[in-house]
Amino acid sequence: SDTAELYRDVLEMRALASATDHSVFVGSVAVALAELAFGAKPWFPDLLAAASLHDLGMSQISIDLDSFDKPRDQWSSKDREEYERHVDAGVALIQDTTPPLSPIVLQIVMEHHERSDGSGFPGGIIEEKMHPASLVLAVADAFDRSMRGAWSGDTLSPAEAFERLRKEFMAGHFSQSIFEKIGLLSA
């Protein structure tokens, strides 16, 4: 089935990317999901560029690294606020590059923690205002964090990670159209 093939491909990609290559893995998964959801689109290079830069702002924040080994609901409010600042910090680092990055890259980086229902950060914007690539990158980023056990401590298989994302989708966090198009609602 397409879902089984996707799981195999994901495992191969994850094996190639070490834990330090979060952005590389997220970019690979994002493009694979985007291709399933949309077919080839002219913004794929922007998606890849944004995936490689989406967490650059982490270098600009100071957070207790032990927090990353805890579920997010156990983080201090200070660590949560500092973590959420990494999006704006990352955009500040990349917005004045020479040559300039595409405005789409900046938008995707800015929106990678936004959620379809407006519960994300930094802007709390809803799906209708987001770039389609941002919707995909949000899923790919959360998928990798789930597989690696970030914020929960539970390292998950691809099937388990997709199941966790399906539950988040049911809570309104991710795009229904993306989940339908990549077959995660029927699995």
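FYI, side chains are in, hydrogens and waters are out, and symmetry mates aren't considered; it's all heavy atoms of this structure.
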Ignoring hydrogens, what is the shortest heavy-atom contact between [X] and [Y]? Give both atom names and the distance.
| X | Y | answer |
| --- | --- | --- |
| Ile108 | Ala133 | CD1-CB, 3.4 Å |
| Val105 | Ala49 | CG2-CB, 3.9 Å |
| Ala142 | Leu165 | CB-CD2, 3.5 Å |
| Val136 | Ala34 | CG1-N, 3.8 Å |
| Leu48 | Gly27 | CD2-O, 3.9 Å |
| Gln176 | Phe169 | CA-CE1, 3.2 Å |

Atom [atom1] in [X], atom [atom2] in [Y]: separation rounded to 0.5 Å?
| X | Y | atom1 | atom2 | value |
| --- | --- | --- | --- | --- |
| Leu36 | Ile178 | CG | CD1 | 10.5 Å |
| Arg115 | Leu135 | CZ | CG | 10.0 Å |
| Leu47 | Leu33 | CG | CG | 9.5 Å |

May I ask you to test the [X]-[Y] pair for a side-chain heavy-atom distance under 4.5 Å?
| X | Y | value |
| --- | --- | --- |
| His113 | Tyr83 | yes |
| Val29 | Asp144 | no |
| His54 | His22 | yes |
| His86 | Leu56 | no |
| Leu156 | Arg164 | yes |

### Task
For Met170 and Phe179, run side-chain contact (heavy atoms from CB on, under 4.5 Å): C-alpha distance rounded to whole Å, both residues' side-chain angles, the deciding distance at 0.1 Å, then the answer.
CA-CA 10 Å; Met170 296 304 283; Phe179 272 58; over 6 Å; no
### Message
I'd like to check the side-chain hydrogen bond (donor to acceptor under 3.5 Å, both in side chains) partners of Ser76; sequence neighbours left out, ordered by chain and number.
### Response
none
### Query
Mind checking what makes side-chain hydrogen bond (donor to acceptor under 3.5 Å, both in side chains) contact with Glu111, not counting sequence neighbours?
Gln107, Ser134
### Query
When you check the gap from the basic side-chain N to the acidic O, do Lys78 and Glu81 get nearer than 4.0 Å?
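No, no charged N to carboxylate O under 4.0 Å.
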### Main-chain N/O of Ser157 paired with Glu160 side-chain donor or acceptor, under 3.5 Å
yes
### Task
Say whether, by atom type as modelled, one donor and one acceptor occur between the side chain of Glu35 and the main chain of Ala40 under 3.5 angstrom.
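Absent.
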### Query
Phe143 vs Phe25 aromatic rings, parallel, tilted or perpendicular, using cut-offs 30° and 60°?
parallel
Report, one line per pair, each donor and acceptor closer than 3.5 Å where one atom sits in a side chain of residues 118-130; sequence neighbours left out.
from: Ser119; atom 1: OG; to: Asp117; atom 2: OD1; distance (Å): 2.6
from: Glu127; atom 1: OE1; to: Ser116; atom 2: OG; distance (Å): 3.1
from: Glu127; atom 1: OE2; to: Ser175; atom 2: OG; distance (Å): 2.8

### Task
Report the residues that fulfil side-chain contact (heavy atoms from CB on, under 4.5 Å) with Lys41, sequence neighbours left out, ordered by chain and then residue number.
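Phe38, Trp43, Phe44.
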### Message
For Asp55, give me all partners under salt bridge (charged side-chain N to carboxylate O under 4.0 Å, His left out), at least two apart in sequence or on another chain.
### Response
Arg145
Pairs under 3.5 angstrom only: tabulate donor-acceptor contacts from the side chains of residues 90-104 to other protein residues two or more places apart or in another chain.
from: Thr97; atom 1: OG1; to: Pro99; atom 2: O; distance (Å): 3.1
from: Thr97; atom 1: OG1; to: Leu101; atom 2: N; distance (Å): 3.4
from: Ser102; atom 1: OG; to: Asp46; atom 2: OD1; distance (Å): 3.3
from: Ser102; atom 1: OG; to: Ile104; atom 2: N; distance (Å): 2.9

